[in-house]
Structures are given as C-alpha cells and as structure tokens.
Amino acid sequence: MPSSSTDYTPQSPALKALMSRGLLEQASDLQAIDQALLAGPVTFYLGYDPTATSLHVGNLLTIMAMRLLQSHGHKPICVVGGATAMVGDPSGKTEMRKLLSREQIQTNSQRFREQFARFIHFDRGVENDAVLLNNADWLLPLHYIDFLRDIGRHFTVNRMVAMKTYRDRLDGEIPLSFLEFNYQLFQAYDFLHLNREYGCTLQMGGADQWGNMIAGVELIRRMHAHDDQQGQAFCLTFPLLTTADGRKMGKSERGAIWLSGERLSPFEYYQFWVNRDDRDVAKLLRIYTELPLDEIESLTAAEGAAMRTATRKLAFEATRLLHGEEAACQAQKASEQAYGGGGDWSAVPEVVLDIAEIKLVDLLVHPDIQAFKSKRATRQRVDSGAVKINDTPIADPYHLVTRADCGASGLRLKAGKKRFRIRLSQGA
RNA sequence: GGAUGGGUGCCCGAGUUGGCCAAAGGGAGCGGACUGUAAAUCCGCCGCGUUUCGCUUCGAAGGUUCGAAUCCUUCCCCAUCCA
C-alpha cells in the first residue's frame with residue numbers, strides 16, 4: 001500500500017531533501033526506501049519517451065529529482081522508451097501512432113543525453129555516473145511465448161483490473177486496448193531487467209505512472225520469491241505540477257518550453273520563468289533551483305511588486321542550471337533592459353535578410369521572422385498598434401521597410417511581446 | 001461479420017425542416033489598455049488573401065440543387081451493443 005508522504009520523518013538526507021523540496025507524491029514503501037537510501041548508493045531509474053527531439057520543462061522536474069539523488073551519491077539510469085515508441089503510445093486519444101525509426105530514436109536519445117548532462121553527470125568516471133539505456137535493446141528480442149510464460153504468469157488480470165488506472169477506464173467505459181493493457185507488463189519488465197542487470201531498486205516517475213511502476217515492484221518481488229537476498233524494489237512518484245490557474249505546467253499551446261537551446265533560446269527560456277504566476281514561485285523555486293529553503297522562504301515572503309525579486313531569482317537560477325552562468329546573466333540583462341524600458345537589444349539574435357526593402361507585413365510574416373502566423377493576423381495586429389520599429393509605432397501594414405531603417409545594431413522590430421533585430425543586406 | 005450512434009475550426013462543443021453559416025458558446029491563444037515583463041479586469045482579434053470583396057473549409061470522394069456542414073450514394077475512421 002502506498003505510504004503517505006505527509007506523516008513520515010525521513011532519516012536519509014536524500015529522501016529528506018526530496019520531500020522538503022516538494023518532489024514526492026507517493027511511494028511504495030517510504031520507510032524501506034529511506035533505509036535503502038541511508039544504507040548506501042541506490043541505483044534508480046526513470047523512463048522517457050523519445051518521440052520528441054528535445055526534452056521540455058515538463059520533464060525537468062524529474063531531471064531535478066535525478067540530480068538531487070545523484071548529488072547524494074545515488075546512481076541514475078535514464079531509460080529511453082525506444083521499444084514503446086516503436087509501437088506508439090496508445091493512451092493519447094487521437095494521437096496517430098508515430099512509428100519512429102531506430103535512427104530517429106537514436107538521434108533523439110543522443111539529444112536527450114546532452115540535455116540530461118546539463119544536470120547530471122555521465123562521464124566523471126565515478127561509481128554513480130548516470131547511464132542512458134534504450135529499452136528496445138531488451139524488449140525487442142523478447143519472444144511472445146517466453147514472455148507470457150516467464151513474466152505473464154506473475155500477473156493476474158484480477159489485480160490489474162483492480163488498479164486505478166485501468167478501473168477508471170473500465171468503470172468509465174472508456175475503451176482500453178489490449179496493447180495498452182500490456183504496457184504495464186513491458187514497463188514492469190524494464191524494471192526487472194534493470195534490477196537484474198544493474199541492481200536498480202528504485203523507479204521514479206510521474207503520478208500517472210504509479211500503476212506501471214508498482215507492477216514492476218511486484219514483479220521483481222515475485223521473481224525473487226524464493227531467494228531471500230533479492231527482491232527489494234521500490235517506486236515513488238512525483239506530484240503533477242499545475243499552474244495556479246489550473247493548467248499543466250510547461251506546455252503552452254504555443255509550444256513546449258524546450259530545454260534545447262536551439263529550439264528555445266536562453267532568453268526565451270528566461271522569459272518563460274520570469275513570467276510565472278506569483279502564486280507558483282515558491283513552489284517552483286524549491287523544485288527548479290537549488291537555493292536553500294530558508295532563502296526561498298525569505299524571498300517569497302514579499303508581497304506585491306516586491307515579488308519580482310523572487311521571480312527574477314527563479315528565472316536566473318533556472319536558466320543558469322540549463323544554459324550556464326554566462327547565458328543566464330545575458331538573458332537577465334537583456335530581459336530587464338528590454339522590458340524595463342532601457343533598450344538593450346544585444347541579446348536578441350540578429351536576423352540577416354538578403355533583401356533591400358520589404359513591406360512591413362511581408363517582413364513580419366517572413367519565414368525567418370514569423371512574428372505572426374498570417375498576413376491577415378499581422379494586419380490586424382499592426383492596426384491595433386502592436387508593432388514598433390526602432391521604438392516608433394507603425395500603423396501602416398504596408399509601410400516600406402528599407403535599409404535606411406537599420407542602425408548600427410540593426411533594425412529593432414517589436415511585434416507584441418516578441419522582438420527581433422534585423423539587418424537588411426542588399427541583394428547580390 | 002451484424003445492429004445502433006457518431007466524425008464540425010487549436011481543444012471542447014452548438015448547428016442537420018438546405019440559403020440569414022467562415023459556421024453559436026466556452027476554453028486556449030494572440031494584440032491592446034491597466035500593471036510589477038505577474039494575477040485579475042476591460043476592449044479587440046482568433047480560416048486565408050491589400051478586403052465594403054474574393055478564395056478555401058465542417059472525415060473522403062462523387063451526386064442532387066440557383067444554392068449543402070445540413071439531402072442522396074459509395075468509401076474511410078471512431079464509439080457502444082451483439083456475434
């Protein structure tokens with residue numbers, strides 16, 4: 001039975017930290033986990049879906065948790081769900097099954113690894129270096145009959161059906177495909193495999209993973225029912241983060257907040273954090289920064305406009321962790337000067353266009369700019385005064401922009417909240 | 001395989017006695033005002049196009065009609081029940 005995280009006082013520094021940072025939702029056996037973490041280095045794992053080319057802020061909470069545990073001497077395994085991605089996750093409703101090639105998964109995994117490496121170490125040559133694995137390596141070679149005989153026998157449908165994730169589906173008469181039903185076995189098998197090959201005893205994941213993770217815990221226990229020394233396995237879940245206005249954290253409609261600097265510049269990343277709701281800042285500081293708790297408390301004790309200090313700290317620290325000190329400083333400086341009215345555009349990347357002159361609408365819709373999504377929308381935005389060139393509002397969508405508008409540092413184009421620095425270079 | 005109910009714009013969801021439908025309403029998003037680069041609130045936009053008009057949309061393809069998201073045919077997909 002899941003232990004509640006509220007009424008237990010942890011002994012191990014790792015669990016203590018995890019709990020005080022607000023990273024723990026529920027755990028299979030909190031005391032035993034605590035003991036294990038106290039007794040010595042624990043190898044733990046988290047799974048990631050490699051269907052995207054970059055991780056995003058939604059994944060960041062789990063990465064911070066890995067970082068925290070690793071800093072306490074424990075060993076992370078990042079498992080990329082190559083096999084599962086090859087089948088396609090059926091839980092998304094209208095989601096087409098994306099069949100990814102091995103190469104794509106390979107590339108994505110590589111990218112993930114680079115991003116993980118910002119937060120956890122892989123190659124330090126020490127015991128608790130993190131490891132990145134692909135579950136396709138052990139899931140794909142499985143034979144159905146063997147799998148059923150060796151693994152399937154340890155699962156009873158009765159029990160699976162009793163689990164909340166499945167029961168909700170059944171009670172709600174929401175179709176549950178056999179494939180989906182099997183996911184639990186695969187994930188449980190992952191855990192078993194890691195337990196055998198790497199001595200992994202702890203799985204962590206989002207709250208929605210609970211059923212799958214507990215299945216792994218039980219599988220390991222059953223497989224080792226007769227040897228006394230083995231069979232220790234645990235899982236714990238992280239809270240599902242929502243914003244103060246009740247939405248899921250990190251994924252705006254407009255696009256995910258990518259960790260990849262290529263997909264989202266440090267400046268934009270900083271902007272994401274600095275624009276958080278006041279009510280969320282304390283929680284976010286605990287999770288996404290490593291500031292001491294008492295500092296966080298005093299920072300967020302402020303009210304009103306003074307909250308900006310805390311929010312700015314959050315943005316800076318979060319950006320620093322991902323993109324480094326220098327980039328964070330730059331982003332902060334650019335952000336403050338830009339929005340504070342100063343006008344330092346130096347952090348805004350310069351876009352060079354091989355054009356001598358261009359109409360404003362066309363410029364705003366240009367593939368390299370894409371300030372708005374269509375000319376029609378652009379015209380409307382221009383009408384409502386959303387566009388400024390070199391700090392001068394332009395109301396005419398067909399205003400001709402020429403090289404004369406480019407100063408020494410280029411043309412400063414402001415389109416709503418977005419800003420661009422543009423240089424028009426004469427056509428060849 | 002059989003029966004029934006469905007497939008509407010980013011999402012949810014009206015609309016099916018054919019025109020007043022580029023399609024109600026809500027959410028998200030975007031722009032503006034107000035602010036603290038926040039929240040709340042208010043205003044505007046929210047298919048595309050230099051636009052008192054034109055073009056392309058309501059699962060797909062055909063058809064009926066002066067005119068179809070709305071009617072007919074075939075097909076595809078989804079859900080529920082039966083086998």
Side-chain angles (χ1 to χ4, degrees), chain A residues 88 90-97 169-177 179-180 242-257 265-285 299-300 302-316 318-319 328 330-345 347-348 358-365 369-388 393-401 413-420:
Chain A
S91 56
K93 35 179 185 179
T94 346
E95 196 80 16
M96 281 299 286
R97 286 181 189 170
R169 298 286 290 274
L170 296 172
D171 290 352
E173 300 195 350
I174 302 160
L176 172 71
S177 74
L179 175 67
E180 218 169 336
T242 51
T243 59
D245 46 358
R247 274 179 273 123
K248 235 189 272 176
M249 167 78 184
K251 248 187 177 176
S252 70
E253 287 293 314
R254 184 137 190 99
I257 304 303
S265 69
F267 176 78
E268 291 169 285
Y269 189 73
Y270 181 93
Q271 285 303 125
F272 165 77
W273 289 107
V274 87
N275 282 319
R276 292 305 84 203
D277 193 309
D278 286 4
R279 291 168 289 178
D280 294 323
V281 171
K283 180 172 65 183
L284 297 177
L285 277 166
L299 268 172
T300 51
E303 274 184 36
M307 262 312 268
R308 294 300 309 158
T309 314
T311 314
R312 223 177 288 134
K313 190 77 180 166
L314 168 67
F316 179 79
T319 310
Q330 251 179 39
Q332 181 160 66
K333 196 173 146 216
S335 175
E336 271 157 29
Q337 300 219 336
Y339 289 96
D344 178 2
W345 287 59
V348 180
I358 185 168
K359 286 180 199 140
L360 185 56
V361 232
D362 296 322
L363 177 66
L364 288 163
V365 176
I369 307 285
Q370 294 184 41
F372 303 111
K373 61 175 182 163
S374 71
K375 289 190 186 179
R376 170 166 253 268
T378 302
R379 268 179 244 114
Q380 279 154 352
R381 300 297 99 90
V382 172
D383 278 345
S384 59
V387 175
K388 288 182 184 170
I394 308 288
D396 174 20
Y398 300 105
H399 173 84
L400 198 63
V401 179
L413 174 69
K414 199 168 168 186
K417 288 177 188 161
K418 303 181 207 71
R419 21 183 77 218
F420 306 90

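Lettering follows sequence order; numbering is per chain, from 1.
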Both distances below 3.5 Å, Watson-Crick or wobble geometry, any strand: find the nucleotide opposite [N].
{"N": "B:U80", "answer": "B:A3"}
{"N": "B:U37", "answer": "none"}
{"N": "B:U16", "answer": "none"}
{"N": "B:C71", "answer": "B:G63"}

Residues at least two apart in sequence or cross-chain that pass side chain to side chain contact (heavy atoms under 4.5 Å, CB included) with A:Ser374, listed by chain then number, are A:Arg376, A:Ala377
Once side chain to side chain contact (heavy atoms under 4.5 Å, CB included) is applied, do any residues pair with A:Lys417, and if so which ones, sequence neighbours excluded? A:Tyr339
Of the nucleotides [options], which has the atom closest to the [X] side chain?
{"X": "A:Asn275", "options": "B:C48, B:G36, B:U37", "answer": "B:U37"}
{"X": "A:Lys418", "options": "B:C46, B:U37, B:G31", "answer": "B:G31"}
{"X": "A:Ala305", "options": "B:C48, B:G36, B:C45", "answer": "B:G36"}

How is A:Lys414 classified with respect to the nucleic acid when contacts are heavy atoms under 4.0 Å: base, sugar-phosphate, or nothing? nothing
A:Phe420 side chain near A:Leu363 side chain, heavy-atom distance below 4.5 Å: no
Distance in angstrom units between [X] [atom1] and [N] [atom2], rounded:
{"X": "A:Phe372", "N": "B:G49", "atom1": "CZ", "atom2": "P", "value": "13 Å"}
{"X": "A:Gln380", "N": "B:G49", "atom1": "CD", "atom2": "C1'", "value": "12 Å"}
{"X": "A:Leu314", "N": "B:U37", "atom1": "CG", "atom2": "P", "value": "17 Å"}

Between the base of B:G31 and the side chain of A:Asp383, is there a donor and acceptor pair under 3.5 angstrom? no
Pairwise N/O distances under 3.5 Å, protein to nucleotides 51-55 of chain B:
{"unit_1": "B:U51", "atom_1": "O4", "unit_2": "A:Arg379", "atom_2": "NH1", "d": "2.2"}

Does A:Asp362 have any salt bridge (charged side-chain N to carboxylate O under 4.0 Å, His left out) partners at least two apart in sequence or in another chain, and if so, which? A:Lys375
Under the salt bridge (charged side-chain N to carboxylate O under 4.0 Å, His left out) test, which residues partner A:Arg308, sequence neighbours left out? none
RNA chain B: A:Asp278 or A:Val361, which has the more 5' nearest nucleotide? A:Asp278
Taking only residues two or more places apart in sequence or in another chain, which ones pass side chain to side chain donor-acceptor pair (under 3.5 Å) with A:Gln380? none
